[in-house]
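Structure record follows, encoded as structure tokens.
Since we're looking at a predicted model, the values are computed, not measured.
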Number of protein chains: 2
Amino acid sequence: MKKPHVTIHDIAKELNVSASTVSRALQNHPRISESTRTAVQKMAEQYNYQPNVAAASLRSGRSKTVGVIVPRINRNFFSNVIGGLEESLAASGYHLMICQTHEQYANEASAIQTLINARVDAIILSISMETRNNEHLQGLMEKEIRLFFFDRALEDVETGSVVVDDKLGAYLSVKHLLEQGYRRIIHVAGADHINIYHARKEGYLQAMNEAGIEVPDQWILEKPLMVQGGEAAFLTGMNLSPKPEAFFCAGDYAALGVLQAAKSNGVNVPEDLGITGFANEPFTAFLEPSLTTVDQKGGVMGKMVAQMFLNCEEKTTLSATCEKIVLQPELIIRNSSILNR
Amino acid sequence: MKKPHVTIHDIAKELNVSASTVSRALQNHPRISESTRTAVQKMAEQYNYQPNVAAASLRSGRSKTVGVIVPRINRNFFSNVIGGLEESLAASGYHLMICQTHEQYANEASAIQTLINARVDAIILSISMETRNNEHLQGLMEKEIRLFFFDRALEDVETGSVVVDDKLGAYLSVKHLLEQGYRRIIHVAGADHINIYHARKEGYLQAMNEAGIEVPDQWILEKPLMVQGGEAAFLTGMNLSPKPEAFFCAGDYAALGVLQAAKSNGVNVPEDLGITGFANEPFTAFLEPSLTTVDQKGGVMGKMVAQMFLNCEEKTTLSATCEKIVLQPELIIRNSSILNR
DNA sequence: AAAAACTGTACAATCGATTGCGCAAATTCA
DNA sequence: TGAATTTGCGCAATCGATTGTACAGTTTTT
């Protein structure tokens, strides 16, 4: 007893008008009389008519869906962004199609193909660690699919983006450490070719520079930003002499690694060693000591990208798509970096 | 310089055959000769032909997308499930369309409508806290859209589901507490009309029962499973006399609330009070003491639902869709529940 | 009053892939 | 050799919505 979907033809037949009139009435086309318009709309309501997106998409070439590509969907930051995107876009009748790259370029390229194939109206992308060029994005230009970056962006692609001011976040974090009295501050850095990690390093260097502190190369430890990377950084760093007084980590998991290593080596945090992270992962609030970190405003970021896309859709000008929004990060000061003296 | 998408007609023209031949060749239709088949496929490859999903969907009525509805996408468990789903389904050429309910029935109903409207091939659902009946699911039957539940399921709907054995998880957790020597164990429970929370309570009761412990009503505290709920439960529970010796919480955040309240009230964990949670949120490993909890196998669950759906797609029998898979949860024993005596 | 402009609607093509039907050529069978 | 079957492929309808064009009837302009 399958009830088929109601079509405009069903409505048309019921009202003795043509399907095109129904279509126009539903779009509030000016050339449809008030009376038939309301009649059609009432009938559509009554039958719970839902337009067939496939048909509309086929004809119009626009699918009312947006593709989202993230490294991993189950990272707190990314799922927050997706949450924000979903809220804003669903309100305007758009759907989300989600792909993960697992930080691999090949997956990213195939996700792009998949989404082109699905005729998405736009792609919202945060590039993988492996991504260093934009070859895989060429197809989008050819097919005139809009592209937006968030958080991790390729510098040389002219397109809209919403990022957080990573340099500022790092700067604030390091400045805070300096104000607390920590001087010899190690930076546990991420892969330098990713814009955000590069920017975090820059912020670190600027803060140190302004404080008149020379940063030797050994103070910058590029590591995988995971617990193990943090542990490794701790061991390497604590072998220096004089010993470092604080670690500014470009990621929370690395900071966690440093913290755990410090504890198991009998180093007191924050008294003997200050630690700050980056990302405001939920667990950071519950660590002991709780971890100072930088919030990247994932939800807000998602909403802003959505808004940027929706703006572009309204004015059909395909230009003006390359607005670049930079959000202010928020330094969240917790116990891992507070020296009471 | 927009390059339009390549269609079967382009390929047909190039090879001087008809579009239908191209279509059949690409589907390995038996009535197409080996030679033209390979010629078509080679040409399709060369032109990087991608079928237009909208057109295929319109004609065939199947969209090659699956709708997923979760309470919140940025909860660790749900994003793990989605990750698992995405991996398995992408491999078979399916896309995911994701909606969140924010635990509200109205949102769930409208998400269903949205997905019906998008002509998804199936809907994979974990119901919201507010959902108590299946009225909003009726439309799916009429439209013959397959439905699968994961984790949170409605008992009275005949459809496939993958859940974790919540009762067992709770049982194992409470049994572990009992083996450690804790006797007066409070249960911080979730809303009882949700199958999973009901099952966790049952597991608790069974373990207590087997240990010959009578559970007075006051030991079961139904609270919102968040930090505040845990704090409230701690305060209520510790007012009992004799004082409880452990808290088994139906959620990790509630357990965190209990833990924090215990600490700020000078109650030592695990010496004076054992605590266990449920869900294996990432932060639980980093608490002090680290929190004993139950892992729900989110990634595996996602993969299994995906597999169940794919199996149904193969054999076009619309029956046999109501297989019910129950996964074994894993008790993760950490420091918050270990009494060394 | 004739011409011009506007209103309201229908017709039909279109988007791209799928598929039932039909037909000719090739092959098998009697 | 003629009939029956099989093979290979094209034609044309179809899915449902959109949209340019046409056209009759009305209203406005000159």
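- For the pair B:Leu26 CG and C:dG16 P, the interatomic distance rounds to 16 Å; values are reported in whole Å.
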Tell me which donor-acceptor pairs under 3.5 Å the side chains of residues 76-83 of chain B have, and how far apart each pair is, sequence neighbours excluded?
| residue | atom | partner | partner atom | Å |
| --- | --- | --- | --- | --- |
| B:Asn76 | OD1 | B:Asn80 | ND2 | 3.2 |
| B:Ser79 | OG | B:Arg75 | O | 3.3 |
| B:Ser79 | OG | B:Asn76 | O | 3.1 |
| B:Asn80 | OD1 | A:Asn74 | ND2 | 2.6 |
| B:Asn80 | ND2 | B:Asn76 | O | 3.4 |

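- One can find a donor-acceptor pair under 3.5 Å joining the base of C:dC11 and the side-chain atoms of A:Ser20.
- Using a 4.0 Å cut-off between charged nitrogen and carboxylate oxygen, A:Glu45 and A:Lys42 do not count as a salt-bridge pair.
- Of all nucleotides listed (D:dT18, D:dC9, C:dA17), C:dA17 comes nearest to the side chain of B:Ser23.
- Here the nucleotide nearest the side chain of B:Arg59, chosen from D:dT19, D:dG10, D:dC15, is D:dC15.
- Backbone-only contact: B:Asn16 has heavy atoms under 4.0 Å from sugar-phosphate atoms and none from a base.
- Nearer the 5' end of DNA chain D, as judged by each residue's closest nucleotide, is the contact made by A:Asn52, out of A:Asn52 and A:Ser60.
- Listed by first then second residue, pairs satisfying salt bridge (Lys or Arg N to Asp or Glu O under 4.0 Å) with a partner in residues 7-29 of chain B number zero, not counting sequence neighbours.
- Within 4.0 Å (heavy atoms only), B:Thr7 reaches sugar-phosphate atoms of the nucleic acid but no base atom.
- For the pair B:Ser18 and A:Ile8, both in contact range of DNA chain D, the more 5′-proximal nearest nucleotide belongs to B:Ser18.
- Annotation: proximity of residues 28-39 of chain B to DNA chain C (heavy atom, distance under 4.0 Å) is found for no residue.
- Classification of B:Glu87 and B:Lys303 as a salt-bridged pair holds, one side-chain N sitting under 4.0 Å from a carboxylate O.
- The NE2-P distance, from A:His5 to D:dC15, rounds to 14 Å in whole Å.
- Using a 4.0 Å heavy-atom criterion, one finds that B:Val17 contacts the sugar-phosphate atoms exclusively.
- Using a 4.0 Å cut-off between charged nitrogen and carboxylate oxygen, B:Glu86 and A:Arg72 do not count as a salt-bridge pair.
- What separates CZ of B:Arg119 from P of C:dA17 is a distance of 20 Å, to the nearest Å.
- Counting to the nearest Å, the C1' atom of D:dG20 and the CZ atom of A:Arg24 are 8 Å from each other.
- Using a cut-off of 4.0 Å between Lys/Arg side-chain N and Asp/Glu carboxylate O, A:Arg152 and A:Glu103 are scored as salt-bridged.
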